[in-house]
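To start, the structure under review is shown below, and the notes come after it.
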Amino acid sequence: MEISVLGSVAVTRDGIELDLGPRLRRVLAVLVSRHGSVVSVDRLVDAVWMGEPPDGAEGSIKTYVTRLRRAIDPDRDGLITYHDPGYVLALNGHSLDSDLFDSELDEATQLLRTADDEAVIDLLSIALGRWHGDAYAAFADEDWARPEAVRLAERRLEGTELLIEARLGVGDTERALAEARSLVETSQLRERPRELLMRA
């Protein structure tokens, strides 16, 4: 099973995207954003109903979590468990695209120090190819998602900058120039894209 947050939040099993519906997708996104930490029922209630919960909201959260478990964990691997005062999601060997991206970006950063530009380009092409929109997409501006969405957006910019630097290292100035121009246009307050554009 694969969980995606680098764009719209989605779950794919055996190559098929599961139809979770908006409420279950939101519950999943909140749990994923906490990186294996417990999310209280109160916090889930607040996130699902955006601060205006109906009567019986806590009971509804339990129902949503049960439905989410059935959808993403049919083999009962214990992906979502209750730990007072709420729930925690443990990947248990399943993949999360943002975790894979973080690992690949860290590895590429190390490789760049060894001047292995070709390997950096290959790795960053895979890492940046995982993105299909803004992290957490429709939820990115909500209080519970914003910190992680902002962190991932910053990491994406770092990865793009590293890719341009690696392209310059192998003499691929044409692609580096195009990517640097695009980055300057979308990140006008950052200095490094301008530096890379001048180098290109």
Side-chain angles (χ1 to χ4, degrees), residues 1-17 28-37 72 77 79 88-137 139-141 144-200:
M1 183 188 72
E2 300 172 356
I3 300 175
S4 303
V5 297
L6 301 179
S8 297
V9 176
V11 179
T12 304
R13 184 184 292 276
D14 298 326
I16 300 172
E17 183 175 334
L28 174 65
V30 177
L31 293 172
V32 170
S33 73
R34 297 295 294 158
H35 291 284
S37 297
I72 71 171
D77 290 334
L79 292 179
V88 60
L89 182 142
L91 291 173
N92 294 343
H94 298 287
S95 71
L96 173 63
D97 62 353
S98 59
D99 283 351
L100 295 172
F101 170 76
D102 275 331
S103 295
E104 288 157 354
L105 180 53
D106 289 342
E107 185 178 347
T109 302
Q110 293 297 322
L111 283 172
L112 195 64
R113 292 176 183 148
T114 68
D116 191 350
D117 293 318
E118 292 285 2
V120 170
I121 290 169
D122 290 343
L123 192 55
L124 286 177
S125 296
I126 293 170
L128 292 167
R130 297 187 185 281
W131 287 76
H132 303 286
D134 294 334
Y136 289 87
F139 309 130
D141 288 332
W144 57 267
R146 189 177 299 113
E148 182 64 358
V150 168
R151 183 191 75 80
L152 287 167
E154 177 68 21
R155 296 276 283 168
R156 185 183 190 182
L157 287 172
E158 291 173 14
T160 305
E161 291 168 351
L162 285 178
L163 180 59
I164 295 168
E165 189 170 336
R167 290 201 195 285
L168 289 172
V170 298
D172 188 357
T173 54
E174 187 174 332
R175 293 181 72 177
L177 184 59
E179 290 168 354
R181 280 181 177 151
S182 177
L183 197 58
V184 166
E185 289 175 5
T186 57
S187 308
Q188 296 184 5
L189 298 180
R190 291 174 72 90
E191 293 184 9
R192 193 170 181 210
R194 295 180 184 280
E195 175 193 333
L196 291 167
L197 179 59
M198 291 174 65
R199 285 175 57 193

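One-based numbering along the sequence shown.
- A distance of 6.5 Å separates NE2 in His35 from CG in Asp99, rounded to the nearest 0.5 Å.
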Quiz: residues 110-126 side-chain donor-acceptor pairs under 3.5 angstrom, not counting sequence neighbours:
from, atom 1, to, atom 2, distance (Å)
Gln110, OE1, Arg113, NH1, 3.4
Thr114, OG1, Leu111, O, 2.6
Asp116, OD1, Ala119, N, 3.4
Ser125, OG, Ile121, O, 2.7

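- For Tyr136, there are no ring pair (Phe, Tyr, Trp, His ring centres under 6.0 Å) partners two or more places apart in sequence or in a different chain.
- If you take CG on Leu105 and OG on Ser98, they are separated by 12.5 Å, rounding to the nearest 0.5 Å.
- At least one donor-acceptor pair under 3.5 Å links the side chain of Thr186 to the backbone N or O of Leu183.
- Within the structure, the salt bridge (charged side-chain N to carboxylate O under 4.0 Å, His left out) test picks out the following pairs touching residues 147-159 (sequence neighbours left out): Asp102-Arg151, Asp102-Arg155, Asp106-Arg155, Glu148-Arg151, Glu154-Arg190, Arg155-Glu158.
- Sorted by first and then second residue, the ring-ring contact (aromatic ring centres under 6.0 Å, His included) pairs with a member in residues 91-112 read Phe101-Trp131; sequence neighbours excluded.
- Under the side-chain contact (heavy atoms from CB on, under 4.5 Å) criterion, Ser182 pairs with no residue at all, not counting sequence neighbours.
- Of all heavy-atom pairs between Ala140 and Ala135, the closest is CB-O, 3.5 Å.
- Looking at Met1 and Leu79, their side chains come closer than 4.5 Å, going by heavy atoms from C-beta outward.
- When atom types are taken as modelled, the side chain of Asn92 and the backbone of Asp77 share a donor-acceptor pair closer than 3.5 angstrom.
- Taking the side-chain contact (heavy atoms from CB on, under 4.5 Å) definition, one finds that Leu177 meets it with Arg181, Leu197, Ala200, sequence neighbours left out.
- In this structure, Arg146 contributes its side chain and Asp141 its backbone to a donor-acceptor pair below 3.5 Å.
- Applying the salt bridge (charged side-chain N to carboxylate O under 4.0 Å, His left out) rule to pairs touching residues 191-200 yields Glu161-Arg192, Glu165-Arg192, sequence neighbours excluded.
- One finds the CG atom of Leu6 at 6.0 Å from the CG atom of Leu152 (value rounded to the nearest 0.5 Å).
- Asp14 meets the side-chain contact (heavy atoms from CB on, under 4.5 Å) test with no other residue; sequence neighbours excluded.
- Not counting sequence neighbours, the partners of Asp172 by the salt bridge (charged side-chain N to carboxylate O under 4.0 Å, His left out) test are Arg167.
- Taken from CG in Leu168 to CG in Leu196, the straight-line distance is 6.5 Å, to the nearest 0.5 Å.
- Rounding to the nearest 0.5 Å gives a distance of 13.5 Å between CZ of Phe139 and CG of Asp134.
- Contact between Ala127 and Glu104 at its shortest, heavy atoms only, is CA-OE1, 3.2 Å.
- With rounding to the nearest 0.5 angstrom, the CZ atom of Arg130 is 7.5 Å from the OG atom of Ser95.
- The two residues Ala29 and Val9 make their nearest non-hydrogen contact at CB-CG2, 3.9 Å.
- The backbone N or O of Ile72 sits less than 3.5 Å from a side-chain atom of Arg13, completing a donor-acceptor pair.
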